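Data block below; observations after.
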Amino acid sequence: MTVKEIAQKNPESLIGRAYTFAEQAHAGQMRKSGEPYFNHALATAETLRRWHIDEVTIAAGLLHDVVEDTAVTEENLQNAFGDEIAFLVDGVTKLSRIKYRGAEAKVENLRKMILAISQDLRVVFIKLADRLHNMKTLWALPPAKQKRIALETNEVYAALAYRLGMWEFSGELQDLAFPYIQPTEYRWLKQHVAGAYQTRRKYLELIRPMLEEKLKNAGLKPLAMDFRAKRYYSLYKKLLRYDMDIEKIYDLVALRLIFETIPECYAALGAIHQQW
């Protein structure tokens, strides 16, 4: 169930109460994108739910902006939801005050975030979820602010997510920042890569049934088999090492197999090498 569905089904639950509280606190507020402000709080909480984080953190995600952006005070929040949620929201508020101002400030940002991690990692998860939705609506802000936030996202938050082992999420943040940091390079990449993506994906779709048959004959059954396209920012960095020649990039699109055990992975690799 989504956060909204959980709240509607169990209005007296922690998530249900946080949903109602945040919706009322943000009533009438609009974001630069033109959408209700509460949509941002809900999107943040929904990302946390997808990460399978506990309900206290999801509730704090719903409430993460009420003290900073509404008439709700820290005392109001503490009385309504207790010390733990008040602590998480306060931590997110403190991180929000850190602004990227260049290389020197970047180091200081990381120090402050590491300090926040040492207190409670959930504060950082909420902030990362918050940043994801902010990046998806970055188009609504003035160009100068877009670039500052994109640089901050790429240099600080994506790097932090990577260090936490959130590699896919880190790549997603980098891709969202890329068009604002290097718009010319991003447009070039979009123009030159689309055809290559299409061609290589068709090839993988062609060999997929052959691969499934080969694995079946070897007594192997993957838990999952899916396609993975190389992210744009990661691809751009790799192209820089190959004189921007797309033909030299062999992992533009990949077929990913996931098995239950490591020995099965090696057995599958052996079966694949026999065929290809």
Side-chain angles (χ1 to χ4, degrees), residues 1-7 10 12-23 25-26 37-70 72-100 106 108-136 149 152-174 176:
M1 286 194 294
T2 65
V3 170
K4 184 176 181 178
E5 288 169 344
I6 293 168
N10 302 293
E12 296 306 314
S13 66
L14 179 59
I15 291 175
R17 290 190 296 112
Y19 182 98
T20 302
F21 190 98
E23 188 174 35
H26 290 297
Y37 199 101
F38 177 68
N39 287 10
H40 169 68
L42 183 57
T44 300
E46 187 59 34
T47 296
L48 293 166
R49 183 200 63 80
R50 288 198 303 272
W51 290 345
H52 305 289
I53 297 179
D54 63 278
E55 67 171 2
V56 171
T57 310
I58 294 171
L62 284 164
L63 299 162
H64 78 276
D65 275 337
V66 295
V67 173
E68 188 174 15
D69 294 318
T70 77
V72 174
T73 66
E74 289 183 36
E75 188 179 359
N76 295 152
L77 189 66
Q78 195 167 16
N79 290 337
F81 293 98
D83 293 341
E84 187 175 13
I85 285 181
F87 168 79
L88 293 176
V89 171
D90 181 59
V92 176
T93 302
K94 287 175 180 173
L95 287 185
S96 298
R97 293 174 185 148
I98 301 171
K99 304 298 181 186
Y100 179 89
K106 178 184 72 173
E108 182 63 19
N109 283 344
L110 286 172
R111 286 177 185 157
K112 289 179 180 178
M113 285 193 210
I114 291 168
L115 181 62
I117 291 172
S118 69
Q119 293 182 45
D120 196 317
L121 191 57
R122 293 175 297 173
V123 170
V124 179
F125 288 141
I126 296 168
K127 186 59 188 174
L128 289 173
D130 161 75
R131 180 51 59 111
L132 175 64
H133 187 253
N134 280 335
M135 287 303 298
K136 289 180 176 179
I149 293 172
E152 180 181 74
T153 298
N154 192 56
E155 298 292 333
V156 180
Y157 290 103
L160 183 60
Y162 191 87
R163 291 175 190 181
L164 290 171
M166 302 169 73
W167 303 301
E168 284 290 321
F169 180 70
S170 175
E172 185 176 3
L173 288 181
Q174 288 178 326
L176 288 168

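Owing to the predicted nature of the structure, the values given are computational and were not obtained by experimental measurement. The figures that follow rest on heavy atoms only: side chains count, while hydrogens, waters and symmetry mates do not.
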Measure from the side-chain N and O atoms of [X] to the backbone N and O of [Y], and report whether any donor-acceptor pair falls under 3.5 Å.
X    : Y    : answer
T153 : I149 : yes
S170 : A158 : yes
E46  : V3   : yes
E68  : D65  : no

Looking at [X] and [Y], what are the two nearest heavy atoms and their distance?
X    : Y    : value
A59  : I85  : CB-CD1, 3.8 Å
V72  : L77  : CG1-N, 4.2 Å
A60  : I126 : CB-CD1, 3.6 Å
T57  : L48  : O-CD1, 3.6 Å
L160 : V124 : CD2-CG1, 3.6 Å
T44  : A129 : O-CB, 3.6 Å

Any side-chain heavy atom of [X] sitting closer than 4.5 Å to one from [Y]?
X    : Y    : value
V123 : L95  : yes
L62  : F21  : no
F125 : M166 : yes
V89  : F81  : no
H40  : H64  : yes
I6   : R49  : yes

Using 0.5 Å steps for rounding, measure from the [atom1] atom of [X] to the [atom2] atom of [Y].
X    : Y    : atom1 : atom2 : answer
Q78  : D90  : CD    : CG    : 9.5 Å
N154 : L173 : CG    : CG    : 9.0 Å
Y19  : E5   : OH    : CD    : 10.5 Å
E172 : L128 : CD    : CG    : 11.5 Å
F87  : D120 : CZ    : CG    : 5.0 Å
T47  : R131 : OG1   : CZ    : 13.5 Å

Salt bridge (Lys or Arg N to Asp or Glu O under 4.0 Å) against [X], all qualifying residues, sequence neighbours excluded:
X    : answer
D54  : R122
E75  : none
K4   : none
D130 : K127

Inset, instruction - May I ask you to check whether Y162 and F169 place their ring centres under 6.0 Å from each other? - result: no

Inset, instruction - Would you please indicate if the ring centroids of F38 and H26 are separated by under 6.0 Å? - result: no

Legend entry - Any donor-acceptor N or O pair under 3.5 Å, side chains T20, R17: no

Inset, instruction - Indicate whether the side chain of N76 and that of T73 have a donor and an acceptor atom separated by less than 3.5 Å. - result: yes

Inset, instruction - Tell me, please, which residues at least two apart from Y157 pass ring pair (Phe, Tyr, Trp, His ring centres under 6.0 Å). - result: none

Legend entry - With A43 via side-chain contact (heavy atoms from CB on, under 4.5 Å) - residues at least two apart: H133

